[in-house]
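No hydrogens, no waters, no symmetry mates; every other heavy atom, side chains included, goes into these values. Model, not experiment: these values are computed from the prediction.
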Protein chains: 2
Amino acid sequence: MSNSNESNTQEIIKKTAREVFFQKGLDGARMQDIADKAGINKALLHYYFRSKEKLFEIILDEEKQNFMRYLEDIITSQDITFFEKIEKIVEKQIDNMINAPHLPHFIMNEIIKRPELLNQVIGNSGFKRVFEVFVKQTSAEVKKGTIRNIKGEQLMMNIMCMDTYPFIAKPYFMNLMGIESEAEYIKVMQKRKKEVVEFIITAIKL
Amino acid sequence: MSNSNESNTQEIIKKTAREVFFQKGLDGARMQDIADKAGINKALLHYYFRSKEKLFEIILDEEKQNFMRYLEDIITSQDITFFEKIEKIVEKQIDNMINAPHLPHFIMNEIIKRPELLNQVIGNSGFKRVFEVFVKQTSAEVKKGTIRNIKGEQLMMNIMCMDTYPFIAKPYFMNLMGIESEAEYIKVMQKRKKEVVEFIITAIKL
DNA sequence: GTCTATACAGAGATAGAC
DNA sequence: GTCTATCTCTGTATAGAC
């Protein structure tokens with residue numbers, strides 16, 4: 001609260017906890033592990049954040065904000081074409097995944113374990129409304145004859161699939177493609193942006 | 001072993017454990033919970049499967065067999081066209097996901113937590129070799145002029161993305177699309193097969 | 001604010017009766 | 001093979017000194 005950097009220790013804890021929770025999930029994470037990695041002791045974790053649950057909730061709250069919400073600006077934008085929108089969506093989504101590669105898996109993981117989280121995650125994001133806008137826009141384009149007959153739901157699903165899954169299955173694809181380092185995989189994903197856009201546009205353009 | 005149905009109780013335990021592990025992961029699962037759902041007590045779990053770890057390993061071993069391996073027949077098949085292969089891959093993959101919707105998330109989950117599992121999962125599957133065959137086939141098609149210039153790695157990635165991610169993010173998409181029941185979602189996925197095939201073919205065909 | 005020591009609870013595993 | 005009772009360990013959480 002008193003702000004002015006929110007106390008250094010507190011930030012270090014959150015940063016560390018985020019990493020551990022991302023990799024191990026709520027159940028797999030150990031307070032001891034977080035403490036060790038943060039260079040402090042367990043008691044201090046509880047001093048700053050009453051309990052493991054509480055700490056987790058805070059991380060989740062912060063992270064879920066980053067999950068999908070950024071699409072609103074692009075989709076509701078008036079002054080770019082439908083194709084340009086798709087291009088921007090793909091680029092933005094892949095960029096976001098590069099910055100927070102564990103996020104989608106982390107979110108899905110906790111939703112599967114505790115389905116009641118779903119409303120919390122999606123509900124507040126307002127993305128549902130934006131999604132419906134996109135569906136309508138797609139229908140409009142079909143009517144205009146700029147794209148072939150396709151449902152917006154399917155199209156958005158395809159976009160999200162191709163942007164997101166390569167990060168969820170990252171270790172799998174890395175192995176398959178013989179890629180050794182994270183850095184190299186990121187490069188491949190950077191280049192992939194163009195490919196995905198081209199793939200999608202070609203699939204729908206008339 | 002003595003076979004003849006592998007003892008009923010043992011099978012019930014495995015079936016139950018699979019469900020619980022799928023939903024909660026190794027760490028989140030509780031032996032008490034498995035016992036309750038299976039209608040027996042904890043001690044019996046340990047009687048049949050020494051430990052939680054052991055039980056988990058057995059489930060994982062069985063399930064990983066189902067993960068991707070089935071693609072080999074299709075890809076190495078000689079008497080169908082490249083486009084027919086894609087059609088069959090998509091159909092087969094989505095069918096498999098319908099039958100075991102939690103599998104990909106489950107596998108990825110454990111790989112992220114214990115990266116050493118990766119070799120075990122991919123290594124034995126032989127899918128890596130099959131993947132390379134597909135990459136070569138794609139190049140050949142490009143050269144033949146039947147499809148536009150695209151790398152096999154990207155194409156296969158796109159296929160796997162579109163087949164798999166809708167099941168990982170199932171609760172998310174269900175909410176987004178206003179779908180209430182699992183059964184209805186499966187119907188949507190059944191219909192989706194055709195859509196995905198069309199999407200991919202349109203995206204690459206010359 | 002940060003530490004050490006410790007209480008407490010939960011979950012995996014075992015002993016032993018039937 | 002199946003059960004109840006119990007042991008043991010691990011991990012969260014707290015008390016209290018500095």
Side-chain angles (χ1 to χ4, degrees), chain A residues 1-62 106 109-110 112-114 116-117, chain B residues 1-62 106 109-110 112-114 116-117:
Chain A
M1 295 305 173
S2 61
N3 207 334
S4 84
N5 223 356
E6 282 265 7
S7 128
N8 201 9
T9 311
Q10 189 166 337
E11 276 310 303
I12 291 172
I13 292 174
K14 265 161 62 172
K15 186 167 145 34
T16 312
R18 186 178 297 115
E19 285 168 24
V20 176
F21 282 135
F22 271 14
Q23 203 197 342
K24 304 280 188 179
L26 171 58
D27 302 309
R30 294 285 163 261
M31 293 296 263
Q32 186 65 60
D33 190 22
I34 296 173
D36 291 348
K37 285 201 170 68
I40 53 161
N41 62 48
K42 273 196 296 181
L44 212 49
L45 292 181
H46 289 92
Y47 172 79
Y48 279 103
F49 309 86
R50 265 170 62 84
S51 69
K52 185 185 177 184
E53 284 281 338
K54 198 90 186 132
L55 174 54
F56 180 79
E57 289 301 329
I58 288 171
I59 306 287
L60 182 64
D61 268 4
E62 290 185 4
F106 171 75
N109 209 5
E110 301 307 326
I112 288 172
K113 277 190 268 194
R114 295 155 60 201
E116 69 275 15
L117 279 180
Chain B
M1 308 301 171
S2 59
N3 207 334
S4 82
N5 222 355
E6 282 265 10
S7 123
N8 203 7
T9 310
Q10 189 166 336
E11 277 309 305
I12 291 172
I13 292 174
K14 266 161 61 173
K15 185 167 147 32
T16 311
R18 188 178 297 117
E19 286 167 23
V20 176
F21 281 136
F22 271 14
Q23 203 198 341
K24 304 281 188 178
L26 172 57
D27 302 308
R30 295 285 164 261
M31 293 297 262
Q32 187 63 61
D33 189 23
I34 296 173
D36 291 347
K37 285 202 170 67
I40 54 160
N41 60 49
K42 272 197 298 180
L44 211 49
L45 291 181
H46 289 92
Y47 172 79
Y48 280 104
F49 309 87
R50 266 169 61 85
S51 69
K52 185 185 178 184
E53 285 280 338
K54 198 87 187 137
L55 175 54
F56 180 78
E57 290 300 330
I58 289 171
I59 306 288
L60 182 65
D61 268 3
E62 289 184 5
F106 171 75
N109 208 6
E110 301 306 326
I112 288 172
K113 278 191 267 192
R114 294 156 60 201
E116 69 275 15
L117 279 179

Roughly, in whole Å, what's the span from [atom1] in [X] to [atom2] in [N]?
{"X": "Tyr48(B)", "N": "dA13(C)", "atom1": "OH", "atom2": "C1'", "result": "18 Å"}
{"X": "Asp27(A)", "N": "dT12(D)", "atom1": "CG", "atom2": "C1'", "result": "13 Å"}
{"X": "Gln10(B)", "N": "dT2(D)", "atom1": "CD", "atom2": "P", "result": "10 Å"}
{"X": "Leu44(A)", "N": "dT14(D)", "atom1": "CG", "atom2": "P", "result": "14 Å"}
{"X": "Ile13(A)", "N": "dC3(C)", "atom1": "CD1", "atom2": "C1'", "result": "13 Å"}
{"X": "Glu53(B)", "N": "dG12(C)", "atom1": "CD", "atom2": "C1'", "result": "11 Å"}
{"X": "Leu45(B)", "N": "dA11(C)", "atom1": "CG", "atom2": "P", "result": "14 Å"}
{"X": "Ile40(B)", "N": "dT4(D)", "atom1": "CD1", "atom2": "C1'", "result": "14 Å"}

Tell me whether the side-chain N or O atoms of Lys42(B) pair up with the base of dG12(C) as donor and acceptor below 3.5 Å, since no angle test is needed here. yes
Using atom types as modelled and distance alone, determine if a side-chain donor or acceptor of Asn41(A) lies under 3.5 Å from a backbone N or O of Leu44(A). yes
Between Asn8(A) and Glu11(A), is there a donor-acceptor pair closer than 3.5 Å when you use the side chain of the first and the backbone of the second? no
Using a 4.0 Å heavy-atom cut-off, does Ala29(B) contact any base of the nucleic acid, only the sugar-phosphate backbone, or nothing at all? sugar-phosphate
Under 4.0 angstrom, heavy atoms only, what part of the nucleic acid is Tyr47(A) near: base, sugar-phosphate, or nothing? base
For a quick test of reading the model: is some side-chain N or O of [X] closer than 4.0 Å to OP1 or OP2 of [N]?
{"X": "His46(A)", "N": "dT14(D)", "result": "no"}
{"X": "Thr9(B)", "N": "dG1(D)", "result": "no"}
{"X": "Asn41(B)", "N": "dC3(D)", "result": "yes"}

Among Arg50(A), Lys52(A), Arg114(A), the one residue meeting salt bridge (charged side-chain N to carboxylate O under 4.0 Å, His left out) with Glu57(A): Arg114(A)
Heavy-atom distance under 4.5 Å between the side chains of [X] and [Y], does that happen here?
{"X": "Leu60(B)", "Y": "Phe21(B)", "value": "no"}
{"X": "Lys14(A)", "Y": "Phe49(A)", "value": "yes"}
{"X": "Tyr48(A)", "Y": "Ser7(A)", "value": "yes"}

How does DNA chain C look in dot-bracket form if you count Watson-Crick and G-U pairs under 3.5 Å, write [ ] for pairs that cross, and put | where a base pairs with another strand? ||||||||||||||||||
Basic-acidic side-chain contact under 4.0 Å: Asp33(A), Lys24(A): no
Nearest listed nucleotide, side chain of [X], among [options]:
{"X": "Ala43(A)", "options": "dT14(D), dT2(C), dG12(C)", "result": "dT14(D)"}
{"X": "Met31(B)", "options": "dA13(D), dA13(C), dT2(C)", "result": "dA13(C)"}
{"X": "Arg30(A)", "options": "dG1(D), dG11(D), dG1(C)", "result": "dG11(D)"}

